[in-house]
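Below you'll find the structure, written out as structure tokens, and then a few comments.
Remember, predicted model here, so these are calculated numbers, not experimental data. Computed over heavy atoms, backbone and side chain alike; hydrogens, waters and symmetry mates excluded. One-based numbering along the sequence shown.
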Amino acid sequence: MKWNKNILRVLLIGSFLAINALVLFGISSVWSYLNTGADRSTLLHIGGEGATVYLPKVVWDTTSVEGRPIEKQTLAKIERDYLNGWYVRNTALSTNNNYGIADYFTESARTKLYKILDTNKEKGATFVQTTLEHGPKLNFYSADGTQISFLDKNVSLYKKGFLNGNPILEYHETATFQVVMLLEDGFWRVRHFVRVASEPVKVKKEPKISAVDKEVLRNIKGLNYYPKDSPWDTFGNRFQDSIISADFRTIRDMGFNTVRIFIPYMDFGAAQVNQDRLAKVRSLLDIAGKQNIKVVITLFDFFGDYSVPNWTATFTHAEKLVTTLKDHPSLLAWDLKNEPDLDFEARGKEDVLGWLRELCLRIKKWDGLHPVTVGWSSPEAAVNMAKEVDFVSFHYYREIQDFMPSYQKLRNAIPKDKITILQEYGKSSYSGMWNAFLNSEEKQAAYYEEIQPILEEAQIPFLFWTLYDFEKVPSAVVGNRPWRREPQKYFGCLDMEGKPKKAFYFLNRISKK
């Protein structure tokens with residue numbers, strides 16, 4: 001009995017101490033919270049202070065600076081806070097909400113911004129904008145390290161204006177800003193921000209490609225390529241040089257000279273491009289070169305965010321890919337995006353086209369040699385950007401009898417000298433309950449026997465879909481509906497075991513003519 005009382009006393013004392021410890025911990029946590037400033041990246045929901053959100057290209061000129069020399073670490077922090085200032089300013093102009101402004105602008109600077117936001121709100125005006133390039137020239141860095149002045153030159157600025165939600169302007173300019181920043185509370189804030197020069201960007205509408213490029217494009221005979229066991233994931237963990245080599249030998253032996261491949265945006269690390277996957281792309285290009293096969297690289301597969309705030313991240317991704325691969329002799333052309341017109345309804349046609357046009361300009365700036373195209377889902381959609389691209393690409397999966405009328409309408413709607421390529425077409429050999437057993441290998445072969453002479457007579461370069469049948473098709477490609485997924489598995493001219501189907505023999509014969 002006495003022993004039980006002692007146990008009870010210990011438990012009561014222990015409970016009392018534990019409760020008091022919890023109370024003290026709670027009080028200290030509240031006190032700490034009330035006396036600690038919130039992390040600015042958390043406030044802005046931009047993670048790592050905009051590291052993966054706002055990524056315009058910045059090239060500093062520090063060749064002539066008055067005052068003390070500037071340290072690399074300090075310059076990097078100034079750049080980070082300056083770009084974050086642009087980010088919150090852009091966000092504020094798009095919403096007329098001043099959230100985050102105080103973190104990146106001094107009191108006098110933010111007072112001016114608040115007035116602009118109030119005026120815009122009163123008039124129902126909003127502006128969506130982003131910058132793509134900055135060329136700051138450092139002029140002054142104070143001896144005490146608390147003040148900096150620079151001229152931000154050649155700022156590539158894209159802006160869209162709206163009045164009560166309706167678009168009223170779209171503007172792309174190259175501007176220069178005089179900027180003064182102060183160090184406050186350990187953060188660099190914009191004190192002075194004035195535009196001192198501006199001119200609209202001149203868009204070159206009619207690209208020129210060499211006679212050699214035109215000849216290569218006119219003689220394209222090929223296919224869209226995925227490895228048999230890793231469709232829609234060519235450069236993933238199952239990538240093997242030996243598999244690519246064997247497939248490319250088969251393609252070359254069939255008489256084809258071109259393949260089209262796909263780069264998934266997120267799988268390649270988005271703005272932070274995965275170097276391992278990039279190395280695999282170069283390996284594939286090396287293998288293609290050994291077989292005398294040219295490669296069309298399609299960018300931004302499985303990507304659908306064309307919003308202006310996301311431009312800097314996507315263009316950073318594209319620049320890393322293009323500048324790394326542009327010198328490879330097997331590279332034939334850049335395809336900006338696969339079937340972007342399918343996003344017109346959900347994402348907004350003008351937003352999609354605006355992103356594509358800017359991406360087209362960027363890639364031509366990074367790579368002045370290789371032609372650029374867009375893989376439109378139909379002949380009707382391919383009239384978009386026909387003047388901006390170097391050659392027009394379209395897909396066709398409809399009835400053969402309607403092909404030439406649709407193609408002729410496209411030809412009549414685009415410049416006469418523009419090369420057109422049938423970039424995707426084909427027929428599934430799937431025969432099962434989901435299509436009432438209506439198709440077969442014989443009908444697939446008959447499809448090619450009918451359409452290939454049409455393409456030959458009209459001198460239309462082609463890339464058919466595809467080399468292999470696939471055991472699995474990701475739901476992201478066609479969804480989970482079996483009547484769509486099952487036929488998608490059987491477009492190959494080789495079956496799931498790699499054995500020739502009837503279409504293989506016809507394609508093999510006609511490609512060697």
Pair W311, E358 - check side-chain contact (heavy atoms from CB on, under 4.5 Å), show working.
CA-CA 9 Å; W311 279 21; E358 187 61 37; 3.7 Å; yes
Under the side chain to side chain donor-acceptor pair (under 3.5 Å) rule, what do T420 and Y407 come out as? Steps first, then yes or no, please.
CA-CA 9 Å; T420 54; Y407 176 70; 2.8 Å; yes
From CA spacing to verdict: side chain to side chain donor-acceptor pair (under 3.5 Å), Y397, E424
CA-CA 8 Å; Y397 291 98; E424 277 190 32; 2.8 Å; yes
Under the criterion side-chain contact (heavy atoms from CB on, under 4.5 Å), I'd like the reasoning laid out for I251 against V259: C-alpha separation, chi angles, the key distance, then a yes or no.
CA-CA 9 Å; I251 292 167; V259 297; 3.8 Å; yes
How far apart are the C-alpha atoms of R362 and E319, what are their side-chain angles, what is the distance that settles it, and do they pass the salt bridge (Lys or Arg N to Asp or Glu O under 4.0 Å) test?
CA-CA 8 Å; R362 301 267 124 198; E319 182 177 10; over 6 Å; no
Step by step, work out the side chain to side chain donor-acceptor pair (under 3.5 Å) result for H317 and Q272.
CA-CA 7 Å; H317 168 94; Q272 308 300 323; over 6 Å; no
Tell me, with the steps shown, if Y468 and D229 meet side chain to side chain donor-acceptor pair (under 3.5 Å).
CA-CA 9 Å; Y468 286 109; D229 297 325; over 6 Å; no
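The residues E133 and K153 are annotated as not salt-bridged, no charged nitrogen and carboxylate oxygen being separated by less than 4.0 angstrom. A salt bridge links D390 and K364; the closest N-O separation between the charged side-chain nitrogens and carboxylate oxygens is under 4.0 Å. Salt bridge E471/K489: absent, no basic N to carboxylate O contact under 4.0 Å.
Evaluation of the side chain to side chain contact (heavy atoms under 4.5 Å, CB included) rule for W434 yields Y430, P482, W483, E486 as partners, not counting sequence neighbours. Applying the side chain to side chain contact (heavy atoms under 4.5 Å, CB included) test to K416 and every residue at least two apart in sequence or in another chain returns nothing. Taking the side-chain hydrogen bond (donor to acceptor under 3.5 Å, both in side chains) definition, one finds that Y265 meets it with nothing, sequence neighbours left out. When the side-chain hydrogen bond (donor to acceptor under 3.5 Å, both in side chains) test is applied to S429, the partners found at least two apart in sequence or on another chain are K501. When the salt bridge (Lys or Arg N to Asp or Glu O under 4.0 Å) test is applied to R195, the partners found at least two apart in sequence or on another chain are E173. Partners of S307 according to the side-chain hydrogen bond (donor to acceptor under 3.5 Å, both in side chains) rule, which considers only residues two or more places apart in sequence or in another chain, are D305. Residues passing the side-chain hydrogen bond (donor to acceptor under 3.5 Å, both in side chains) test with D61, sequence neighbours excluded: T63. A search for side chain to side chain contact (heavy atoms under 4.5 Å, CB included) contacts involving K443 returns K427, N439, S440, not counting sequence neighbours.
A donor-acceptor pair is defined here as one N or O able to donate and one able to accept, closer than 3.5 Å; no such pair exists between the side chain of T234 and the backbone of S230. Listed for the K418 side chain is a donor-acceptor partner under 3.5 Å among the backbone atoms of A386. Remark: side-chain polar atoms of Y448 are not paired, donor with acceptor, to backbone N or O of L507 under 3.5 angstrom. A donor-acceptor pair under 3.5 Å links the side-chain atoms of T95 to the main chain of T91, judged by distance alone. Checked by atom type and distance alone, the side chain of S330 pairs as donor or acceptor with a backbone atom of G289 at under 3.5 Å. Under the 3.5 Å distance criterion, the side-chain polar atoms of N224 are matched with a main-chain donor or acceptor of L463. Side-chain atoms of D267 do not come within 3.5 Å of backbone N or O of P264 as any donor-acceptor pair.
Contact between T130 and L157 at its shortest, heavy atoms only, is O-CD1, 3.3 Å. Considering all non-hydrogen atoms of both residues, L336 and I363 come closest at CD2-CD1, 3.4 Å. Across all non-hydrogen atoms, the minimal contact from F300 to F303 is O-CB, 3.3 Å. Here the closest non-hydrogen pair linking N257 and N219 is ND2-O, 2.9 Å.
Between W465 and W232, the ring planes are tilted. Angles from 30° to 60° get that label. Classified by interplanar angle (parallel below 30°, tilted 30° to 60°, perpendicular above 60°), the ring pair W355/F315 is parallel. Ring geometry for F256 against F462 counts as perpendicular: the plane angle is over 60°, on a 0 to 90° scale with 30° as the lower cut.
If you look at F193 and F177, their ring centroids are closer than 6.0 Å. Y226 has its ring centre less than 6.0 Å from the ring centre of F262.
Note on residues 275-284: pairs passing salt bridge (Lys or Arg N to Asp or Glu O under 4.0 Å), not counting sequence neighbours, are D233-R277, D276-K280. Sequence neighbours left out, the pairs with a member in residues 398-413 that pass salt bridge (Lys or Arg N to Asp or Glu O under 4.0 Å) are E380-R398. Among residues at least two apart or in separate chains, salt bridge (Lys or Arg N to Asp or Glu O under 4.0 Å) pairs with a member in residues 333-349 are R260-D335.
H328 and D286 form a side-chain donor-acceptor contact under 3.5 Å, judged by distance and modelled atom types alone. Checked by atom type, the side-chain pair H134/E79 shows no donor-acceptor distance below 3.5 Å. Counting only N and O atoms by type, the side chains of W334 and D367 include a donor and acceptor under 3.5 Å apart. In the model, Y306 has no side-chain atom that pairs as donor or acceptor with a side-chain atom of T314 under 3.5 Å.
A side-chain contact (heavy atoms from CB on, under 4.5 Å) with Y54 holds for exactly one of T131, N84, V88; it is T131. Checked options V273, L321, D301; the residue passing with I263 is L321 (criterion: side-chain contact (heavy atoms from CB on, under 4.5 Å)).
Within a 6.0 Å sphere centred on CG of N237, other residues, nucleotides and ligands contribute 12 heavy atoms or fewer. A 6.0 Å sphere centred on NZ of K57 holds no more than 12 heavy atoms belonging to other residues, nucleotides or ligands.
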Show me the donor-acceptor pairs, under 3.5 Å and distance only, between side chains in residues 158-170 and residues at least two apart or in other chains.
unit_1, atom_1, unit_2, atom_2, d
Y158, OH, E170, OE2, 2.4
K160, NZ, D351, OD1, 2.7

